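The structure that follows is given in the form of structure tokens.
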Amino acid sequence: MAASSSSLLLPLSSVSRNCLAIKNPNSSRYIATRVIASETREQSCKINSLSSRREAMLLVLGVSGGLSMSSLAAYAAGLPPEDKPRLCEAECEKELENVPMVTTESGLQYKDIKVGTGPSPPVGFQVAANYVAMVPSGQIFDSSLEKGLPYLFRVGSGQVIKGLDEGILSMKAGGKRRLYIPGPLAFPKGLTSAPGRPRVAPNSPVVFDVSLEFIPGLDSEEE
């Protein structure tokens with residue numbers, strides 16, 4: 001797959017940017033936010049380092065090394081086992097089981113991991129959000145956490161997939177939410193697989209964990 005300058009979140013081709021700098025009007029600090037998605041570094045699993053064929057078979061079966069089901073699924077898909085940062089870790093996952101599901105008219109579903117205390121973003125406003133994008137099995141195909149900076153975009157303006165736009169519009173700054181995005185609100189053309197990244201089929205459901213970090217300008221006005 002050729003390197004792309006556009007984020008995987010964008011439904012169509014986007015303007016290429018290396019970073020976008022904004023200034024908080026009430027402070028001297030500058031926030032630089034990347035808006036491109038860098039490809040995940042290629043990794044390989046070297047079975048030939050195992051001491052015997054028996055160990056290799058045990059590895060595949062998940063006996064040797066204590067592989068989890070998600071790791072086995074990664075091997076089956078030809079991907080390395082995941083060890084990536086997440087917005088919702090094991091304890092969060094357990095708590096999320098007891099959180100009620102909300103379903104909107106569009107078919108979008110979500111669970112609030114944490115309800116924010118700040119303002120909600122008006123349509124067209126820039127927001128800074130961290131996200132972890134997954135296929136339904138839980139394998140990550142894109143994440144701002146791996147890039148080290150939140151993703152900055154104008155919410156409700158079609159700069160990201162429809163389900164993400166809708167899900168963030170009803171959040172409050174400081175909140176964290178899991179979005180269950182149905183196929184029609186996700187990636188119409190899908191996403192091809194890449195080293196360390198599973199394939200996303202066209203119009204297939206995806207799951208996003210999203211943290212609305214702040215709303216530039218609006219946050220400072222509310223303070």
Side-chain angles (χ1 to χ4, degrees), residues 1-17 34-45 68-89 93 96 101 103-104 106-111 113 127 129-153 155-169 176-211:
M1 177 181 176
S4 171
S5 61
S6 61
S7 167
L8 297 181
L9 296 179
L10 302 182
L12 301 172
S13 60
S14 65
V15 177
S16 174
R17 303 176 185 176
R34 293 193 190 106
V35 294
I36 61 172
S38 58
E39 291 187 346
T40 308
R41 293 179 179 176
E42 183 175 1
Q43 301 180 38
S44 62
C45 178
S68 65
M69 289 303 293
S70 61
S71 297
L72 288 174
Y75 276 110
L79 300 173
E82 290 194 342
D83 184 18
K84 300 179 179 179
R86 294 177 179 266
L87 286 173
C88 188
E89 300 289 355
E93 292 286 357
L96 205 57
M101 181 80 78
T103 303
T104 70
S106 69
L108 174 71
Q109 294 183 307
Y110 66 82
K111 290 186 175 185
I113 300 170
V127 297
N130 276 308
Y131 67 90
V132 175
M134 301 165 280
V135 293
S137 67
Q139 293 181 20
I140 297 172
F141 63 84
D142 194 16
S143 170
S144 67
L145 299 183
E146 295 179 37
K147 303 174 183 70
L149 288 171
Y151 184 67
L152 188 72
F153 67 98
V155 68
S157 299
Q159 293 185 353
V160 297
I161 59 174
K162 294 178 181 178
L164 185 58
D165 252 346
E166 181 184 344
I168 287 185
L169 276 171
K176 190 183 298 183
R177 176 176 287 182
R178 172 162 292 177
L179 304 174
Y180 301 87
I181 302 176
L185 303 181
F187 298 92
K189 296 182 180 180
L191 297 170
T192 58
S193 61
R197 190 184 83 200
R199 174 178 178 267
V200 177
N203 295 307
S204 63
V206 291
V207 179
F208 271 70
D209 284 346
V210 184
S211 175

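What you are looking at is a predicted structure, and each value in this text was computed from that prediction instead of being measured.
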>> Would V127 and F153 count as a side chain to side chain contact (heavy atoms under 4.5 Å, CB included) here? Give the steps.
In response: CA-CA 6 Å; V127 297; F153 67 98; 3.7 Å; yes

> So, do D142 and Y131 sit near enough that their side-chain heavy atoms are less than 4.5 Å apart?
Replying inline: yes

> Which atoms form the tightest heavy-atom contact between R86 and L145, and what is the distance?
Replying inline: C-CD1, 3.8 Å

> So, does R178 use its side chain to make a donor-acceptor pair with the main chain of Q109 at under 3.5 Å?
Replying inline: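 No; judged by distance alone, with no hydrogens or angles, the pair does not exist.
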
> Are any of the side-chain heavy atoms of K84 and V132 separated by less than 4.5 Å?
Replying inline: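 K84 does not reach V132 side chain to side chain.
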
> Can you list the residues that meet the side chain to side chain contact (heavy atoms under 4.5 Å, CB included) rule with S211, with sequence neighbours excluded?
Replying inline: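 S211: side chain to side chain contact (heavy atoms under 4.5 Å, CB included) contacts with L87, N130, K176, E213.
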
> What pair of heavy atoms forms the shortest contact from P205 to P136, and how long is it?
Replying inline: O-CD, 3.4 Å

> Looking at residues at least two apart in the chain, or sitting in another chain, which of them share a salt bridge (Lys or Arg N to Asp or Glu O under 4.0 Å) with R177?
Replying inline: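 Counting only residues at least two positions away or on another chain, R177 forms a salt bridge (Lys or Arg N to Asp or Glu O under 4.0 Å) with D112.
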
> If you look at every heavy atom in C88 and I113, which pair is closest and at what distance?
Replying inline: CB-CD1, 4.1 Å

> side chain to side chain contact (heavy atoms under 4.5 Å, CB included) with P184: which residues, sequence neighbours excluded?
Replying inline: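 P184 satisfies side chain to side chain contact (heavy atoms under 4.5 Å, CB included) with P182 once adjacent residues are dropped.
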
>> Checking T104 now: which residues fulfil side chain to side chain contact (heavy atoms under 4.5 Å, CB included) with it, not counting sequence neighbours?
In response: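 T104 satisfies side chain to side chain contact (heavy atoms under 4.5 Å, CB included) with S106, L108, Y110, E166 only.
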
> Sequence neighbours excluded, which residues qualify as side chain to side chain contact (heavy atoms under 4.5 Å, CB included) partners of V135?
Replying inline: S137, Q139, F141, P198, V200

